[in-house]
Amino acid sequence: MADDPVSVSVALLGSGGAGVLTTGQLLLEALCRAGWNGLLTRSVGPQIRGGEAAALLRLSAQPVECHSGGFDLLLAIDWHNADRFGSEIALHPDALVIGDPSGGAAPAAMVPSSARRGDLRCAELCKLHPEWRANMIALGAAARLLAIPDEVLERVIDDRFGHKGEAAMAANLAARRAGAEAVAGFALARSPPPAQANHGKRWLITGNEAVGLGALRGGVRFAAAYPITPASEILEWLAPKLAQVGGSLVQAEDELASVNMIIGASYGGTPSLTATSGPGLSLMVESIGLATAAEVPIVVVDVMRGGPSTGIPTKSEQADLNIAVYGLHGDAPHLVIAPQTIPDCLLSTQWAAFLAEALQTPVIVLSDQFLGQAQGAIARPADIAFVGRRLRAEPAGGAYRRYALTGTGVSPMAIPGTAGGQYTADGLTHTERGVPTSSAHDHAAQLDKRRDKLEQYDYGQLWATLEGEGDTAVLTWGSLTGVAREALTLAANRGVRARLIAPRLLAPARPAAMRAALAGVRRVVVVEQSHGAQFHKYLRAHYDLPADTRVLQRPGPLTIRPTEICDALLAERAA
Amino acid sequence: MADDPVSVSVALLGSGGAGVLTTGQLLLEALCRAGWNGLLTRSVGPQIRGGEAAALLRLSAQPVECHSGGFDLLLAIDWHNADRFGSEIALHPDALVIGDPSGGAAPAAMVPSSARRGDLRCAELCKLHPEWRANMIALGAAARLLAIPDEVLERVIDDRFGHKGEAAMAANLAARRAGAEAVAGFALARSPPPAQANHGKRWLITGNEAVGLGALRGGVRFAAAYPITPASEILEWLAPKLAQVGGSLVQAEDELASVNMIIGASYGGTPSLTATSGPGLSLMVESIGLATAAEVPIVVVDVMRGGPSTGIPTKSEQADLNIAVYGLHGDAPHLVIAPQTIPDCLLSTQWAAFLAEALQTPVIVLSDQFLGQAQGAIARPADIAFVGRRLRAEPAGGAYRRYALTGTGVSPMAIPGTAGGQYTADGLTHTERGVPTSSAHDHAAQLDKRRDKLEQYDYGQLWATLEGEGDTAVLTWGSLTGVAREALTLAANRGVRARLIAPRLLAPARPAAMRAALAGVRRVVVVEQSHGAQFHKYLRAHYDLPADTRVLQRPGPLTIRPTEICDALLAERAA
Amino acid sequence: MNATITPACKPGDYKSDVKPIWCPGCGDYHVLLAFTRALAELGRPAQEIVLVSGIGCSSRIPAYMSCYGFHGIHGRSLAVAAGVKIARPDLTVVVASGDGDGYSIGGNHFIHACRRNVDITYIVMDNRIYGMTKGQPSPTTEPDFDTALAPGGTGLRPFNPLVIALASGANYVARAFAGNPQQAGALIADAIRHPGFSFVEVLSPCVTYRPDQKAWKERVHPPPVEATDDPARAARRLMTDDGFNIGVLYRGNRAPYGPRAAAVVHDLAQFESEFEF
Amino acid sequence: MNATITPACKPGDYKSDVKPIWCPGCGDYHVLLAFTRALAELGRPAQEIVLVSGIGCSSRIPAYMSCYGFHGIHGRSLAVAAGVKIARPDLTVVVASGDGDGYSIGGNHFIHACRRNVDITYIVMDNRIYGMTKGQPSPTTEPDFDTALAPGGTGLRPFNPLVIALASGANYVARAFAGNPQQAGALIADAIRHPGFSFVEVLSPCVTYRPDQKAWKERVHPPPVEATDDPARAARRLMTDDGFNIGVLYRGNRAPYGPRAAAVVHDLAQFESEFEF
Ligand SMILES: Cc1ncc(C[n+]2csc(CCOP(=O)(O)OP(=O)(O)O)c2C)c(N)n1
Ligand SMILES: Cc1ncc(C[n+]2csc(CCOP(=O)(O)OP(=O)(O)O)c2C)c(N)n1
Ligand code: SF4
Ligand code: SF4
Ligand SMILES: [Mg+2]
Ligand SMILES: [Mg+2]
């Protein structure tokens, strides 16, 4: 099946030291300044330095939320370990492959026989001009092939390297020109769509940064965490910012400490967050259960990576759904929210912080490596009104009942310092006053309360993304939402209409809302990136799906492509 | 609805120091020696000493697997905090209530107006005879009301206290007689069924002890654990036994250590086990995921208690199903096995040890406080052939592939000491040789392997208890299996036939076997002791249930009674 | 559970109306008394004090006091307390723990709390046994003490928590005895006043599983010398003492964990410029 | 990944054919060399040696050696190793870790391993940084070392792992330097030979995130005095040293964790009598 025609995809390759990731960023910035939208992801091996690295870039006039089915341009500074990318980088049959012949050869399996090939003698040029850098040559070449105006590119280079002095700048610009000239004889099989002006205020931002900003906007003022790939950038972005707004971030000794620190800070009245990945989330589940029982608001961001166990730390997967939804011992209802796109990382985290406070509950935010480390151009997200506000108790004498049974299930919470509000927060089954009890009656009353406060709340439209029409629906979640959205466009172009249903709120389940979303749907394609079909089993557990439900699923690191979903939809029609 | 007529139930009450738990044990032993079967459970408050305590006893000619709907006799040494038991102790309308009027009054809510009452002046008698103990008086009274022959009772007392000297024994026997005489004027509304001789070899054993013995029979020779209620008795039973068979038990600094210690011991070739409860299991999930990925056999016993968080440590609940089945991050298939009765604690644990070794996988055994701490008479369990045997590698030169892709998914495992078998066990995604990789291909291959070895294995009949016939089925699990079994008998006596389907193997799910078990079933009643209907959602996720499926569910500590299930079945018929 | 109170100076004002579940005669009753005395001596209103604990008989104490309490999970009290104090430096934060909760499962947080030196006070009620779970050995249990879980004894050298605290950076180290609640109260008050991470080990007998500990009252004695501020000297002393020195043993002068910075950015939009291009 | 070998005495025999992922110049290459030298010196066949590790650049080392390896999860290597050794006392068990893996998340197992004194050897490759996760501070990082996660530095006093090891009961404490693989190898061999829990801190520079550590080779020096067997004396010395003393610093003589008892019950049916009635 043919690909979406209005975008161009570029893969830049080179071993770590060669700076392809920087090249990718400069290219992204240039093309965005030139009036396109773009998305940049990186694919790296386990080496800290010097391993294989790829910058994967997609350019379009429209906002870009995922990669397409294939690449139009493969540009390699060297071919060192390029075979390790295997099927992660698939080229179009008419792709252009440019590389340095002195740096090895393109892996045969990577390059279709019909692809056109060209040389870019980076090593040789750098030997002639020791002050040039190979990645500047590659940048010049790629920019020329994408028809990025020279002035735009040079301004980007200047912004980034201008401070290094005139001589360095001159070398960079010369190198860029040499790269551009080296590919003068080539053109991409499909030329980039026309650029557009007047995008309004736009940002270049990663999902991890967006989570950080969303947390701040949602009122988070304390964070404690333990470093882990691919979540660390959230913390590294937040650390100086929190200090500047009068909050703080503590690097804890481990995840057991970090989650308990945020529970303590939140108990003290400060909206709090931690960020981690699967192994760290595993260590936190006991404490998240405590936050459920003691009704302490916290936000726990899990940036999912390949699992199980240490798995593949640098690659994306959607396989922490089970632990996020079901991973607490006992009956421990809590919220699970999954962002779908880079801007949604901001919105969802902000919403999470808001809901944690409003419902006095832990919230797990399920992002993934793809969203977290992808950098994209987005329209500046509007300021929305989700700022965490806790229902506070102002006790006026009499015994304060911290866990009072109220109509909403939310009980006014006294913050230390408040006279007369003293109580003991407890993870033991407790009475309304917080006193430990083993009574079946008290146990059931508090379990009811904690369930009801989450289930009775009106989450509004944000519970899911619902788009399109038809009697076929694609049911997906998280970062595959953008992929599915594009697939629906592809299918529509081929005359097949379908709906997109992507729940953002994974727990608690919303049976009535899902029933409405599925009304009239006779066929469902479930799309997810897990080996065990976790999302499909989750859907079965909580929702009624039509008998004709198929699952398109695969573990990481190979993400599902829009064309695959589109093919599944077309096959549905054919069947 | 009337109760099963062939059993008698007794509740002995008293504050902790009064020794009701010992009284209950002596009574149980006496009635078993006299030819009945019996079950003893205890209900205690959070106090370590001196709190309220109840020994709950049921006597029958048949094996007893659960309590009935109500008690025939309530015998209180004192009424201290008796109100705390609330609805846990429900009396028959024609029950006999005997207590010491000097030790307070029976809580009004506990005693039906139609009950008959009698006095047992323990305190007064003990004041007259300072060498008597109140619990011996109570023992004598209860034994007389149950028609336990005096010689049998006196032999039991002698076995237990004979070593304390003649004077003490004489006092005990005098006290017992005084108790018997004090209730001479009373009789239970329903007299005990006739005792039976020739039971064959029988044991009095708790579920926790049975788990310990099952582990030893299954080949476990190393244990590491951290104390926790209600699992500690497993460890305390195992500690001296393991030493005597040349193994060892280590008290670890925490559950993170204990689970990793057993992973290490098992990697070294020794079948290993740990036991814990919900909070400890929470701390172990990351490491269980490691055992999944590195394919190290381990057995993790979770004796469930009230949750979430610290919850109600001394009471039973079935709410760790979610974390046991779904609690690992990433796609981490493993086994979950739930024993159903006291003897099944032995069988299931032994089977778990066997399967762990055979499939090189972690196995979670889900027992609960009811099973673990209940003591019952059982027929001596036969020696069965489940002794853990690992497929060992005897490398003969060439590169050893620890994670070789084989037809069964099980790869021969080299045990340290074996020349040529050296490899590195790894929780990172790895190749067949165990070398870390980020390749999508290797990742999928190992995920397939680990899933397939569990799914393709033939678990035989043990996967579930399947009993009875009819187009209605009770679907339940764990300790509620015995309750459901009794309910089916009750219903059959009322002309309603139904099936019992109780999976012992909760993960992996067995769709084909369940389909066969459900063939012809049009109505299902799901019975479970969790607030969130975890079992029902689990069933929905993995199995196709008929549209007419109802859920009878409640959190702990109040267990579901046979009569409630029977009522549900009769209501089905009426509807 | 805790009554509204006005700033008070009587120990009784710091007690709640919840009845302890402790066994009659348990040392923890005296620690409760010592706590209320300490708080009365300090005179801070109960609502400005947070008492955090883990799980164990000892860790039940917050419910029995009238300040804010946090009864968390087993072993994590120090992490909770650090969060409270760093985010709310205006509060007085005290932590109560047991020898199992604090030294076994909670050991990592202990050494890191010492290092981090947040201005909190850590009281460990040491009875050399797991009381709550009915008598298993703890890190401070004597090697030959017989239990069901370790028949004949663990054979392990007991932990010396005071030495470990010192080695890890604690800023104040003292030992108290529950049997002398007046002195224990004074030590707790002193520890709370001392800046940074203060550690007080309180010998608190478990009458149910360690009836032998009733003999402690004969064994305790004042330390032979004054408290030092030299960690190396204190370490040598503590490594050779008999474990029954009661008093302040080390009084350091490290600056506590830095306070939160004052806000300099008041409009989050200021952070947006880094994303613009 | 590891070739079949016969009892060998050449360091090269203890290397596997797996290519390290380490950055060029990383100190861990030298530690690998030291390890193979140590094993060659001991001369035990590779199949009788188990090398356990956690997660981090340093913890990658087992795959690069030809003995049995266990690359577990972050922070838990000592627990895995204790399990291996207690159940299989016939094996030589060595543990490799990093300053994050061993002192931060793994801190509790560290102090309890010292106390338990199982006969294993613990090698921590300390580079005062989290290498694998790209440069966050570890417990041994200097307080003013600037990182993205702690701009301007953590302000925290660095851990002194040797003092903590000693305070917790380690039976052997030494410091080595990766830049001298010959000496480091000899120290590792000595530590393995020493009974009980032996701890060797190896200064191993991270050239990528701590290029300043290239200067370590100028700072290391031999300890001023001989190793002592008196923990109190060793503690005082270690608390005041400059962190660059290379050599054996404490050599204790505590008996290691008791060996497994020999089986006295050979038929499990013997345990059944307690259930009969
Ligand atoms: C994660 C976890 N593991 C185990 C337990 C069980 N547990 C409760 S209290 C306790 C030990 C308490 O000992 P200590 O801290 O000395 O307190 P004490 O009762 O002696 O005062 C244990 C092991 C638990 N609640 N949670
Ligand atoms: C539970 C868990 N938390 C966090 C991580 C992420 N992580 C991997 S290695 C590492 C730190 C390694 O530092 P160190 O032990 O000093 O090793 P180095 O890389 O410096 O050799 C961290 C935090 C993880 N893998 N698992
Ligand atoms: S068991 Fe021991 S520590 Fe617990 S309350 Fe009783 S005496 Fe106190
Ligand atoms: S990041 Fe540092 S520790 Fe890791 S391999 Fe590179 S130099 Fe070595
Ligand atoms: Mg204790
Ligand atoms: Mg390091």
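Only this structure's heavy atoms are used, side chains among them; waters, hydrogens and symmetry mates stay out. Convention: sequence-line order gives letters A, B, ...; per-chain numbering from 1.
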In terms of heavy-atom proximity below 4.5 Å to chain C, should B/Ile228 be classed as side chain, backbone, both, or neither? backbone
Chain C contact via B/Ala243 - which portion, at a heavy-atom distance below 4.5 Å: neither
Assert top hit (heavy-atom pairs under 4.5 Å, partner chain B, pool C/Gly107, C/Cys57, C/Gly75, C/Pro137) equals C/Pro137
Options C/Ile55, C/Ile21, C/Ile105, ranked by heavy-atom pairs under 4.5 Å with chain B, top entry: C/Ile105
With a 4.5 Å cut-off on side-chain heavy atoms, are B/Leu249 and C/Leu149 touching? yes
Closest heavy-atom pair, C/Cys23 versus B/Ile48, reported as atoms and distance to 0.1 Å, is SG-CB, 3.8 Å
Heavy-atom nearest pair, C/Ala148 first then B/Pro240, reads O-CD, 4.3 Å
Extract the chain B to chain C donor-acceptor pairs under 3.5 Å, no hydrogen or angle test applied.
unit_1	atom_1	unit_2	atom_2	d
B/Arg49	NE	C/Thr208	OG1	2.7
B/Arg49	NH2	C/Thr208	OG1	3.3
B/Tyr226	OH	C/His74	NE2	2.8
B/Tyr226	OH	C/Tyr130	OH	3.0
B/Glu236	OE2	C/Gln136	NE2	2.9
B/Gln251	NE2	C/Pro137	O	2.8
B/Glu253	O	C/Ser104	OG	2.8
B/Glu253	O	C/Ile105	N	3.1

Chain C: which of B/Gly51, B/Pro46, B/Pro227, B/Ala225 shares the most heavy-atom pairs with it under 4.5 Å? B/Pro227
